[in-house]
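Note that ligands are numbered from 1 as they come in the structure, with each ligand's atoms numbered from 1 the same way. The structure presented is a predicted model; accordingly, all values stated were derived computationally and were not measured.
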Amino acid sequence: MEIFERIERVAAIGDRLGYSPAEDRAHELAAGWMAEAGLEISRDEVGNLFGRRGSARVWTGSHLDSVPNGGRFDGVLGVLAGIEAAARLPDAELAVAAFRAEENGPMGSRRLVSLPEAFVEVHIEQGPVLERAGEPLGVVTAIAGQARGAVVFEGRADHAGTTPMDAREDALVEAARFVLRVRESTREGGVATVGAVEVEPNAMNVVPARVAVAVDARAPTAEELEALIARIGFEPTWRLAPVAMSGAPFVALSAVLPDAPRLVSGAGHDAMVLAAAGVPTAMLFVRSLNGGASHSPEELTSNDDIALAVDALTRTLERLAA
Ligand SMILES: [Zn+2]
């Protein structure tokens, strides 16, 4: 299948940061392949690329930009699978989209001026769930909501040699207890991470006086996210609402893959932006090998799984465009 060779052609460009000349080159390659598939090329004012046929009320696609030193499948697979499916459905009125700069925002999909009636995105899972389950494909039911904030612990700076252990107010010890509580709080659902810690004065021989920890909490529904925030006990300063996959695209994809595992996406995607804008949206996850490695050159998805994903996408679009 041409898609395997095309994945290598895009990967050969190297890092493709959003709005860089390298991302432009990937868009030019994709535009050529869209034209070969019988699609009419257009670009909007923020540089999103579309290959359209007919009324094109149904869209599929993803992004072609990458993180520095990223993998060859993240985003690219969704665009190229869409082009392949469009070539197999020469009469279907649909569009394949390559959104700009997903990794820095996303930026392109947030600035769409017109929206489709349905959107389907194929994407690698970027996690180990399908590999662990021994399943090539999964149907995404929701994209997790996110809440972020900082928690500050105040103690007192003291001499590390002369202050008795029972006379200390060590802010880092309190913060360490909190980090464990964050992990415990996910037993009833969701995921939560303390990924950044600032210690003051951050000196080996001084009892820590002040510690700020950054919390990232995610859950599939608004209710579950609020419950998780309450269990952790922090005040988010930034939130992103969860979105459910829904409507005709979700029904069509579910009918094509009745036995595939259902899973929640813990990462945001262009599909999240379109769904949040009110577009009925579905998302198909393809198994990531190497323990789900992603945003790294270790990212791997097999040709067999890609072939299954293209088949499933084609059948889903066929139903939707009918
Ligand atoms: Zn991606």
Side-chain angles (χ1 to χ4, degrees), residues 3 6-8 10-11 13-20 22-23 26-27 29-30 46-49 59-85 96-112 119-131 137-140 142-146 216 218 240 242-243 245 249 253 263-277 279 281-301 305-306 309-310 313:
I3 188 169
R6 290 172 176 177
I7 289 169
E8 296 312 313
V10 176
I13 296 172
D15 285 354
R16 300 175 308 282
L17 306 189
Y19 289 107
S20 67
E23 192 200 32
H27 275 236
L29 279 179
V46 299
N48 295 312
L49 169 69
W59 293 4
T60 187
S62 191
H63 61 95
L64 295 170
D65 63 311
S66 74
V67 296
N69 205 28
R72 59 221 301 120
F73 304 97
D74 179 359
V76 175
L77 179 61
V79 176
L80 300 186
I83 295 172
E84 179 79 28
V96 181
F99 300 115
R100 282 281 181 174
E102 191 273 346
E103 303 288 2
N104 352 17
M107 291 171 72
S109 54
R110 278 192 214 281
R111 296 177 63 191
L112 290 167
F119 179 62
V120 185
E121 180 170 6
V122 173
H123 203 284
I124 54 164
E125 184 204 331
Q126 302 179 283
V129 175
L130 292 172
E131 186 183 41
L137 304 177
V139 176
V140 175
I143 300 180
Q146 307 177 20
D216 174 306
R218 305 185 187 208
L240 191 59
V243 293
M245 301 293 95
L253 180 61
L263 64 172
V264 173
S265 172
H269 292 287
D270 293 307
M272 185 179 207
V273 177
L274 274 89
V279 178
T281 295
M283 202 167 182
L284 172 62
F285 267 177
V286 190
R287 173 164 51 188
S288 290
L289 301 172
N290 285 341
S294 187
H295 284 185
S296 119
E298 299 294 300
E299 196 175 273
L300 184 64
T301 289
D305 291 359
I306 290 171
V310 172
L313 176 65

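Between H269 and F285, the two ring planes are perpendicular [angle over 60°; tilted spans 30° to 60°].
A search for salt bridge (charged side-chain N to carboxylate O under 4.0 Å, His left out) contacts involving D305 returns R287, not counting sequence neighbours. Listed by chain and residue number, nothing satisfies the salt bridge (charged side-chain N to carboxylate O under 4.0 Å, His left out) test with E125 (two or more places apart in sequence, or in another chain). With sequence neighbours left out, E84 forms a salt bridge (charged side-chain N to carboxylate O under 4.0 Å, His left out) with R88.
Checked for salt-bridge contact, R72 and E8 meet the test: a charged N lies under 4.0 Å from a carboxylate O.
Between A11 and R16 the shortest heavy-atom distance is CA-NH1, 4.2 Å.
Protein N/O/S atoms found under 2.8 Å from the Zn ion (ligand 1), listed by chain and residue number: H63 NE2, D74 OD1, H123 NE2.
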